[in-house]
Protein chains: 2
Amino acid sequence: MSVEDRMATIHQPSMHAMCGHDPMESELFRSVLSRIGDKWSVMLVGMLHEGPRRFTELKQMTPGISSRMLTHTLRQLERDGLVEREIFAEIPPRVVYSSTPLGKSLAGPMLAVAEWASDHQAEISANRERYDASAED
Amino acid sequence: MSVEDRMATIHQPSMHAMCGHDPMESELFRSVLSRIGDKWSVMLVGMLHEGPRRFTELKQMTPGISSRMLTHTLRQLERDGLVEREIFAEIPPRVVYSSTPLGKSLAGPMLAVAEWASDHQAEISANRERYDASAED
DNA sequence: CAGGATCCGTGGTGATACTG
DNA sequence: CAGTATCACCACGGATCCTG
């Protein structure tokens, strides 16, 4: 029995029970999921999980991101308490972002999903091509 | 040593290595993450993981979703090969959606994230209030 | 260096009405 | 029952310019 199988049998969460049918609760639930599901959050949380980084470092490590979206996304993550922002009053200014305990607790599950996405990229890509090909008639 | 700790030490994926810096690769990677990060996909995959469901069942189990978005989201999931669609030519018509093996392989990691979101709802909600309160000056 | 401000296009989402 | 069609909105995100 693999470790994965053991993990699966230890606890089997139910989506139906989790997301709840209380409007308020399910709204918060979805707002959390959509935060980590937006365009840049996953990558930034993953990078900060490896260690603290400066603004420019993050920008260079994240190809395609603009300063605007980097700032915006980091602020949202800071708001949720996933990321900490430390300012050094120097010239030139230096700002260091790091993962909080809460952020680190998310990194594990989130990296598992990211790894799944990485592992199944080819399969999904093929599925899409097949679907699109059979759709054009 | 807990099972969670063991899992963490067995394999430590690196976001930096995973998302890749090849533009094509990272684009597909993000498209996969944003699919499962959109407003309804997580809930639908979670529900179908518990068993096949009809269109109307899914609609009733997913408070707030419109027919349009339910159809649209299910089509996207079908396109990616996460969900299978079976049509029974009856009157009235009956359509049953079910999770594919690929969809089931995603459910584990995804439910872990969903569980994290559920577990930390209160903490995140408090963080947001604190952040917003200190912002208004 | 680390952003803030502004404009603007696109796409995801909802509301409504209709159909095989 | 299980959708489709259409309109409309607006938040997400990119581009550009500016600043302490």
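When reading the values below, keep in mind they use all heavy atoms of this one structure, side chains included, and skip hydrogens, waters and symmetry mates. Within every chain, numbering begins at 1; the chains are lettered A, B, ... in the order of the sequence lines, protein sequences first and strands thereafter.
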Protein-nucleotide distance (A:D38, atom CG; C:dG11, atom C1'), rounded to Å: 15 Å

From CZ (B:R79) to CZ (B:R85), nearest 0.5 Å: 15.5 Å

Closest to the A:R94 side chain, choosing from C:dG3, C:dA2, D:dG14: C:dA2

Minimum heavy-atom distance between A:V42 and A:M110, given as atom pair plus value: O-CE, 3.5 Å

B:W40 side, atom CH2; B:T73 side, atom OG1 - distance, nearest 0.5 Å: 8.5 Å

Whole angstrom value for the distance that separates P of D:dG3 from CZ of B:R54: 10 Å

Residue that, paired with B:L48, satisfies side-chain contact (heavy atoms from CB on, under 4.5 Å) out of B:M43, B:K104, B:R53, B:E84: B:R53

Five-pair end axes of the helix from C:dC1-D:dG20 to C:dG20-D:dC1, angle between them (10°): 60°

Pairs under 3.5 angstrom, nitrogen or oxygen only, protein versus nucleotides 8-11 of chain D, please.
none

Spacing between B:I87 atom CD1 and D:dG3 atom C1', to the nearest angstrom: 11 Å

For atom CZ of A:R75 and atom P of D:dG13, their distance in whole Å: 17 Å

Where A:A117 and B:F29 come nearest, the two heavy atoms and their spacing: CB-CE1, 4.0 Å

Upstream residue (5' side of DNA chain D) when B:V95 and A:P93 are each assigned their closest nucleotide: B:V95

A:M69 CE - C:dT10 P separation (whole Å): 18 Å

Distance, rounded to the nearest Å, where A:E90 contributes CD and C:dC1 contributes P: 13 Å

Rounded distance (Å) that lies between atom C1' of C:dG4 and atom CZ of A:F55: 11 Å

B:T56 side-chain N/O to D:dA2 phosphate OP1/OP2 under 4.0 Å: yes

Sugar-phosphate, base or nothing in reach of B:K39, heavy atoms under 4.0 Å: sugar-phosphate

Nearest-angstrom distance from the residue atom CG of B:L70 to P of C:dG14: 11 Å

Donor on one side chain, acceptor on other, B:S34 and A:K39, under 3.5 Å: no

A:R85 side chain near C:dG3 phosphate (N/O to OP1/OP2, under 4.0 Å): yes

Separation between CG of A:D80 and CZ of A:R75, rounded to the nearest 0.5 Å: 14.0 Å

Touch class at under 4.0 angstrom, heavy-atom based, for B:Y97 against every strand present: sugar-phosphate

Counterpart residues, side chain to side chain contact (heavy atoms under 4.5 Å, CB included), relative to A:S31 (two or more places apart): A:L28, B:R128

B:N127 and its side-chain hydrogen bond (donor to acceptor under 3.5 Å, both in side chains) partner, picked from B:E123, B:E129, B:R130: B:R130

